[in-house]
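Since the structure comes first, as structure tokens, the remarks are kept for the end.
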Amino acid sequence: MPKLFTNMYLILLAYLISLSSTHANTCRSYCGNITIDYPFAIQYGCGHPGFRDLLFCINDVLMFHISSGSYRVLDIDYAYNALTLHEPHMSTCDRLMLGARGNGFTVEPWRAPYMNPTTDNVFMLIGCSPRSPLFQGFPGKHLPCRNVSGMGCEEYYGCPAWDMMGHKRAESSFFGSGPPECCAVAYEAIKGINLTKLECEGYSSAYNVAPLKVDGPSEWTYGIRVRYSVQGSDEFCGACEATGGTCGYGSDGIRQVCICGNLNSTSNCDSASLSSGTRPMRMEMFGGLLTYILLLVLMTTNQIQKVCYI
């Protein structure tokens with residue numbers, strides 16, 4: 001009997017210590033089959049402040065929202081710091097979506113340091129007006145229309161979608177005979193794909209992550225590949241997670257904080273334990289309970305020993 005009480009005491013002690021030394025992770029989550037991890041979050045106050053109000057989980061569908069519109073997130077590649085986005089009004093190899101209904105891609109200036117389309121992502125602007133900023137102020141040989149990572153309009157014209165539009169592949173000059181039906185640009189060349197400002201009827205976006213060039217536009221991967229980065233040192237989050245916390249930000253939307261269960265810290269959870277009276281009080285309560293159990297075990301043991309002597 002005494003051995004049984006001792007074992008119970010040790011088990012309870014180990015359990016209570018584990019409760020007091022860990023912190024509930026209230027931020028990391030899932031949306032559908034996509035993991036939401038730092039620097040992203042779908043709850044206010046979680047993740048990095050530079051990525052706040054960016055992702056929303058709607059009926060298990062992860063949505064990415066910026067100034068140019070909302071996009072469905074197909075994948076978050078944490079190893080390569082990249083997101084893959086889909087926009088329903090974007091043209092592909094099988095169909096052209098015209099009427100200027102597409103969102104394009106433009107981030108708010110304050111978000112620009114944190115994310116932009118990858119350098120191998122080509123935007124092909126379709127049906128742009130001769131008055132478009134794309135064709136103003138550039139000599140013919142310096143027109144921004146060009147191939148990006150081996151992908152461009154000359155190949156894109158070979159897609160079935162252009163056959164349905166009655167496109168005729170012919171040699172034409174950019175000036176004198178009007179602008180091209182398609183103009184391929186890299187995002188960094190114009191710093192934003194805004195169909196209204198560029199006066200274009202539609203756009204397509206494709207990227208290539210394979211080390212080898214794929215065979216033709218039918219094998220291109222259509223979507224928007226966005227590279228993200230956390231500015232500055234990430235030591236704060238590393239120290240926070242190392243002490244069992246979760247990385248987040250304060251009510252001002254700027255200051256980083258370490259979320260330690262019901263407490264927030266400006267450094268890590270170890271410092272939160274020392275600076276807050278909540279955790280020490282909880283430990284005192286646990287200590288009192290353990291002392292009571294120990295006394296109960298000792299008293300029971302003494303009673304059993306007295307019975308044995310009688």
Side-chain angles (χ1 to χ4, degrees), residues 32-35 39-40 51 54-55 61-98 101-107 111-128 134 144-162 180-195 198 200-230:
N33 62 349
I34 299 179
T35 302
F40 301 104
F51 298 83
L54 186 67
L55 297 183
V61 175
L62 188 61
M63 300 298 295
F64 175 99
H65 185 76
I66 52 175
S67 60
S68 57
S70 295
Y71 310 77
R72 180 169 182 170
V73 180
L74 302 181
D75 177 66
I76 302 179
D77 190 334
Y78 292 100
Y80 291 93
N81 292 357
L83 301 96
T84 304
L85 307 177
H86 170 73
E87 206 264 287
H89 297 298
M90 183 180 70
S91 298
T92 64
C93 198
D94 297 321
R95 62 176 184 170
L96 296 182
M97 302 288 288
L98 303 179
R101 293 180 296 168
N103 290 332
F105 191 89
T106 304
V107 299
R111 285 200 197 274
Y114 298 99
M115 62 186 65
N116 277 302
T118 59
T119 55
D120 61 1
N121 198 119
V122 56
F123 287 92
M124 290 164 286
L125 300 166
I126 304 169
C128 301
L134 290 171
C145 305
R146 62 181 180 83
N147 281 3
V148 179
S149 297
M151 299 180 291
C153 287
E154 286 305 310
E155 289 181 292
Y156 189 50
Y157 285 143
C159 283
W162 287 96
E181 295 173 276
C182 173
C183 177
V185 298
Y187 185 82
E188 61 267 21
I190 55 179
K191 303 299 183 184
I193 307 299
N194 184 318
L195 298 188
L198 295 174
C200 300
E201 285 294 310
Y203 81 105
S204 183
S205 175
Y207 60 91
N208 181 21
V209 294
L212 301 177
K213 182 180 178 181
V214 296
D215 186 19
S218 61
E219 296 186 14
W220 291 351
T221 305
Y222 291 87
I224 303 174
R225 181 89 167 166
V226 178
R227 180 80 66 184
Y228 68 86
S229 63
V230 177

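In this chain, numbering begins with 1 at the start of the sequence shown.
At a cut-off of 3.5 Å, with distance as the only test, a side-chain donor of D120 or T118 sits close to an acceptor on the other residue. No side-chain donor-acceptor contact under 3.5 Å links S68 and N194.
Remark: C182 SG to C145 SG, distance not under 2.5 Å. For a disulfide, the SG atoms of both cysteines must be under 2.5 angstrom apart; this fails for C183 and C153.
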Original post:
Is there a side chain to side chain contact (heavy atoms under 4.5 Å, CB included) between F105 and Y203 once you walk through the steps?
Top reply: CA-CA 10 Å; F105 191 89; Y203 81 105; over 6 Å; no
**OP:** Let me see the working for S229 and N81 under side chain to side chain donor-acceptor pair (under 3.5 Å), right down to the final yes or no.
**Re:** CA-CA 7 Å; S229 63; N81 292 357; over 6 Å; no
Original post:
Under the side chain to side chain contact (heavy atoms under 4.5 Å, CB included) criterion, do T35 and I76 qualify, and how do the steps go?
Top reply: CA-CA 8 Å; T35 302; I76 302 179; over 6 Å; no
Subject >> Residues D77, R225; criterion side chain to side chain contact (heavy atoms under 4.5 Å, CB included); working and verdict >> reply: CA-CA 10 Å; D77 190 334; R225 181 89 167 166; 3.8 Å; yes
**OP:** Would you check, one step at a time, whether the test side chain to side chain contact (heavy atoms under 4.5 Å, CB included) holds for Y222 with H86?
**Re:** CA-CA 8 Å; Y222 291 87; H86 170 73; over 6 Å; no
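Taken to the nearest 0.5 Å, the CE atom of M151 stands 11.5 Å off from the CZ atom of R146. Taking CG of L125 as the reference point, atom CD1 of I190 lies at 5.5 Å (rounded to 0.5 Å). The distance from atom CG of L85 to atom CD1 of I224, rounded to the nearest 0.5 Å, is 6.0 Å. C128 SG to E181 CD: the interatomic distance, rounded to the nearest 0.5 Å, is 11.0 Å. Atom CG of residue L83 and atom CG of residue L55 lie 7.0 Å apart, to the nearest 0.5 angstrom. Note that OG1 of T106 is 12.5 Å distant from NZ of K191, once rounded to the nearest 0.5 Å.
Tested against I66 for a side-chain contact (heavy atoms from CB on, under 4.5 Å), the candidates N103, L54, V226 yield a single pass: L54. Each of F40, F51, Y228 was evaluated against Y114; a single residue qualifies, F51, per the ring-ring contact (aromatic ring centres under 6.0 Å, His included) test.
Across all their heavy atoms, E155 and P217 have their closest contact at O-CG, 3.1 Å. Between R95 and P88, the closest heavy-atom pair is NH2-O, 3.8 Å. When all heavy atoms are compared, the tightest approach of S70 to M63 is CB-CE, 4.1 Å. Nearest heavy atom pair, residue A184 against residue M124, reads CB-CG, 3.8 Å.
Around atom CZ of R72, no more than 12 heavy atoms belonging to other residues, nucleotides or ligands sit under 6.0 Å away. More than 12 heavy atoms of other residues, nucleotides or ligands shown are found within 6.0 angstrom of OH on Y78.
In this structure the side chain of C200 never reaches within 4.5 angstrom of the side chain of F123, judged on heavy atoms. C93 is listed as a side-chain neighbour of P160, based on a closest heavy-atom distance under 4.5 Å. Proximity of V148 to Y187: side-chain heavy atoms (C-beta onward) are nowhere separated by under 4.5 Å. Annotation: side chain of N121 is in contact with side chain of S205 (closest heavy-atom distance under 4.5 Å).
Distance alone, capped at 3.5 Å, places no donor-acceptor pair between the R111 side chain and the N116 backbone. Checking side-chain atoms of S91 against main-chain N and O of M97 turns up a donor-acceptor pair under 3.5 Å. Looking only at distances, a side-chain donor or acceptor of Y156 sits under 3.5 Å from a matching main-chain atom of T92.
Between F64 and Y71, the ring-plane angle classifies as perpendicular under the 30° and 60° cut-offs.
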